[in-house]
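Before any comments, here is the structure.
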Amino acid sequence: MARMAKVVELPSIAKIDKSQGKISAQLTQALREAVQSGDLQSGDPLPSSRELAQTLGVARGTIIEAYDQLLAEGVFDSQARTGTYVSHALVKTTAQQHAKKETFKRTSISLTKSALSYAQVLKEFKPLPHVPFAVSVPVGRTKPSDVWRKFGNKFRSRGAGAPSGYGEPQGVLSLRIAIADYVRRSRSVHCEPDQIVITPGIQQALYICSQILFEAKDEVWIEDPAYRGTTAIFEHAVQNIGMVRVPVDEEGIQVEAGIKLSKHARAAFVTPSHQYPLGMPMSLARRTALLAWAKQQNAWIIEDDYDSELRYNGQPFPSLQGMAPDQVIYLGTFSKVLFPSLRLGYAVLPKELVAPFCGLRVLIDRHPPAADQHVLAAFIQEGYLERHIRRIRNVYAEVREHIIGLIDKYIPQELAWLQPGDQGMHMVLWLAPHINDIEVASTAVNADIAIKAISSTFSKERQRSGLIIGLSDFEPELLQQAIKKLSKIIQQHAKPM
């Protein structure tokens, strides 16, 4: 395929003042300064003399005179049939002068507290490399089938996903119809397509909920431990709202403890299908108690249906939303079961919340990108999503058993022990109290092992040391090598420093 020529733009010549005369000399100086400042760099093409003369409204000879001068100085090169370029011999000089310019431009303006806190958030949420034991990496047998690629080609070329104008803030109707049918069958969610809003994932939905549901000085229940994306919102992005950390035990959130801590809280953020990060489902008794509290207090429940699709034993509980559709906001995502770069999730909302939810999303990103919505709608409607989930459920169950065996074999139980759970894409490896999980995780990432410390998901008062071990389908030999390296790292950090 022939290489397309660059479109040449020269903002540097805008300062030429034809009323001052000597246009050729002004142009020569402007182009020379553009090269010196780095606006034009080695190898950049220049517009043809005819084109530039037309742009400036001057005689072509004026342009040729300026070009000839810079050619003579060695600033430009001319090549037959290809045109005029900035000289390659200027690579070092240009780079040095450009660096000087950048140094000169640095400012001493201090950042606000908000800016500094968000910079810290970026560090905390830095993605892990795609190596064992990263969560939800579509490798091996967990990749979507070729059907996804075929649907993509079909809908993006001439189909509904072809480039178009602005879309609906609520998302593509065909996808909302497909989701409404899917969550009804798989999770007993009761909703119509007009109650669904397509999002880029759980995080945006959590943020919008935090902005539209509360007044100043309201309090909200957050599980302890909890998904860090939720607690970070209330630490950094929401002002004047009290975050009440409610302990979690083997049955899920302790509703009685929540009532003692903040009976009149305006909402509870929960992960009832698969508590994040500990992994257990919320018991029926706790579900009933939570819904009774919400009804009595006229409070909202935000249900993050985390990893509900991947249960390895028994049948999952139905959603909380199906038990109280008017009080539960149900959030789901396809990023985990398909691939994280898809960035498609959804919120199922009580009808009165759809307009405010969409109103805020308009201010954030207008509407979700349409092409992959059409692809996903067809993928769901034709049954491929459920086939994909059945396939990866078997894969993750197999990988889970393999990793459990490796941990039992290579990691000393007095230093670390598993809380495997019976669903989801990760397990928790608890560490002995004297081992710092953040230091272990940092050392492991530097050794090409992708794990996260669990302590940051707890409140400071209840912190425990442990690691989140993902179940992605890497080769067995690679998993074994990673567990051996992790064992050595844990043992190193267990020794007195």
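Computed from heavy atoms alone, side chains included, the values below leave out hydrogens, waters and symmetry copies.
A distance of 8.0 Å separates CD1 of I392 from OG of S136, quoted to the nearest 0.5 Å. How far CD1 of I490 is from CG of L415: 7.5 Å, rounded to the nearest 0.5 Å. Once rounded to the nearest 0.5 Å, the distance linking CD1 of I212 with CD1 of I329 reads 6.5 Å. To the nearest 0.5 Å, the span separating NE2 on H367 from OH on Y166 amounts to 7.5 Å. Here the straight-line distance linking atom CD1 of I435 with atom OG of S465 works out to 6.5 Å at 0.5 Å rounding. The distance from the CG atom of L376 to the OH atom of Y182 is 10.0 Å, given to the nearest 0.5 Å.
The 12-atom threshold is exceeded at NZ of K485, counting heavy atoms of other residues, nucleotides or ligands nearer than 6.0 Å. Environment of CD in E215: sparse, with no more than 12 heavy atoms of neighbouring residues, nucleotides or ligands closer than 6.0 Å. Within a 6.0 Å radius of CZ in R141, more than 12 heavy atoms belonging to other residues, nucleotides or ligands are found.
Taking the six-membered ring where tryptophan is involved, the planes of F214 and F234 are tilted, since the angle between them lies from 30° to 60°. Ring planes of F379 and W148: perpendicular class, angle over 60° (limits at 30 and 60°). In this pair, Y118 and H236 present their aromatic rings tilted. The plane angle is within the 30 to 60° band. In this structure, F76 and Y67 have perpendicular ring planes: the angle between them is above 60°, well past the 30° mark. Ring pair Y276/Y306 is perpendicular by interplanar angle, where above 60° counts as perpendicular and below 30° as parallel.
Using modelled atom types and a 3.5 Å distance limit, the side chains of E33 and Q29 yield a donor-acceptor pair. Inspection of the T142 and D473 side chains reveals no N or O donor paired with an N or O acceptor under 3.5 Å. Between S487 and Q491, the side chains place a donor N or O and an acceptor N or O closer than 3.5 Å (distance only, hydrogens not considered). When only modelled atom types and interatomic distance are considered, E124 and S456 share no side-chain donor-acceptor pair under 3.5 Å. For Q69 and E65, the side-chain atoms include no donor-acceptor pair closer than 3.5 Å.
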From CA spacing to verdict: side chain to side chain contact (heavy atoms under 4.5 Å, CB included), H388, S145: CA-CA 8 Å; H388 174 75; S145 67; over 6 Å; no
Dump the intermediate steps for side chain to side chain contact (heavy atoms under 4.5 Å, CB included) on L429 and I451, then the final yes or no. CA-CA 10 Å; L429 181 67; I451 56 175; over 6 Å; no
When you look at D194 and V354, which way does the side chain to side chain contact (heavy atoms under 4.5 Å, CB included) test go after all the steps? CA-CA 8 Å; D194 63 2; V354 173; over 6 Å; no
Between E235 and R228, is the salt bridge (charged side-chain N to carboxylate O under 4.0 Å, His left out) condition met? List the steps. CA-CA 10 Å; E235 289 172 5; R228 185 68 186 113; 2.8 Å; yes
Do V172 and I198 pass the side chain to side chain contact (heavy atoms under 4.5 Å, CB included) test, and can you show the C-alpha distance, the side-chain angles, and the key distance before you say yes or no? CA-CA 8 Å; V172 167; I198 307 303; over 6 Å; no
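Here the side chain of Q170 pairs no donor or acceptor atom with the backbone of V197 at under 3.5 angstrom. The main-chain N or O of V131 is never found under 3.5 Å from a side-chain atom of D448 such that the two would form a donor-acceptor pair. Judged by distance alone, with hydrogens and angles left aside, the side-chain atoms of Q41 form a donor-acceptor pair with the main-chain N or O of G38 at under 3.5 Å. Not a single donor-acceptor pair under 3.5 Å links the side chain of H130 to the backbone N or O of V137. Of the possible donor and acceptor atoms, one in the side chain of S87 sits under 3.5 Å from a partner among the backbone N and O of A89. A donor-acceptor pair under 3.5 Å is formed between the side chain of E223 and the backbone N or O of T271. A donor-acceptor contact shorter than 3.5 Å is absent between the side chain of Q373 and the backbone of G171. In this structure, D437 contributes its side chain and I454 its backbone to a donor-acceptor pair below 3.5 Å. Between the side chain of T443 and the main chain of E439, a donor-acceptor pair closer than 3.5 Å is present. The backbone N or O of Y346 lies less than 3.5 Å from no partner atom in the side chain of R176, so there is not a single donor-acceptor pair.
Closest of all the heavy-atom pairs between P368 and E168 is CD-O, 4.0 Å. Here the shortest heavy-atom pairing between V238 and S210 reads CG2-OG, 3.4 Å. The shortest heavy-atom contact between K336 and M425 is O-CE, 3.0 Å. Scanning both residues, L471 and M427, for their nearest heavy atoms gives CD2-CE, 3.7 Å. Across all non-hydrogen atoms, the minimal contact from S472 to V399 is O-CG1, 3.9 Å. Across all their heavy atoms, A441 and A453 have their closest contact at CB-N, 3.9 Å.
One finds no salt bridge joining R245 and E461 here, because no Lys/Arg side-chain nitrogen approaches an Asp/Glu carboxylate oxygen to under 4.0 Å.
Taking the six-membered ring for Trp and the full ring otherwise, F133 and F474 have centroids separated by 6.0 Å or more.
No side-chain heavy atom of P369 sits under 4.5 Å from any side-chain heavy atom of R343. Between D44 and Y85 there is no side-chain heavy-atom pair separated by less than 4.5 Å. Annotation: side chain of P138 is in contact with side chain of P340 (closest heavy-atom distance under 4.5 Å). Side-chain contact between D218 and L213 is absent, with no heavy atoms from C-beta onward closer than 4.5 Å. Considering only heavy atoms from C-beta on, L486 comes within 4.5 Å of I469 through its side chain. Using a 4.5 Å heavy-atom cutoff, the side chains of L27 and L52 are in contact. Proximity of T199 to Y207: side-chain heavy atoms (C-beta onward) are nowhere separated by under 4.5 Å. I449 is listed as a side-chain neighbour of I489, based on a closest heavy-atom distance under 4.5 Å.
By the 6.0 Å and 45° rule, R400 does not stack over the aromatic ring of Y396.
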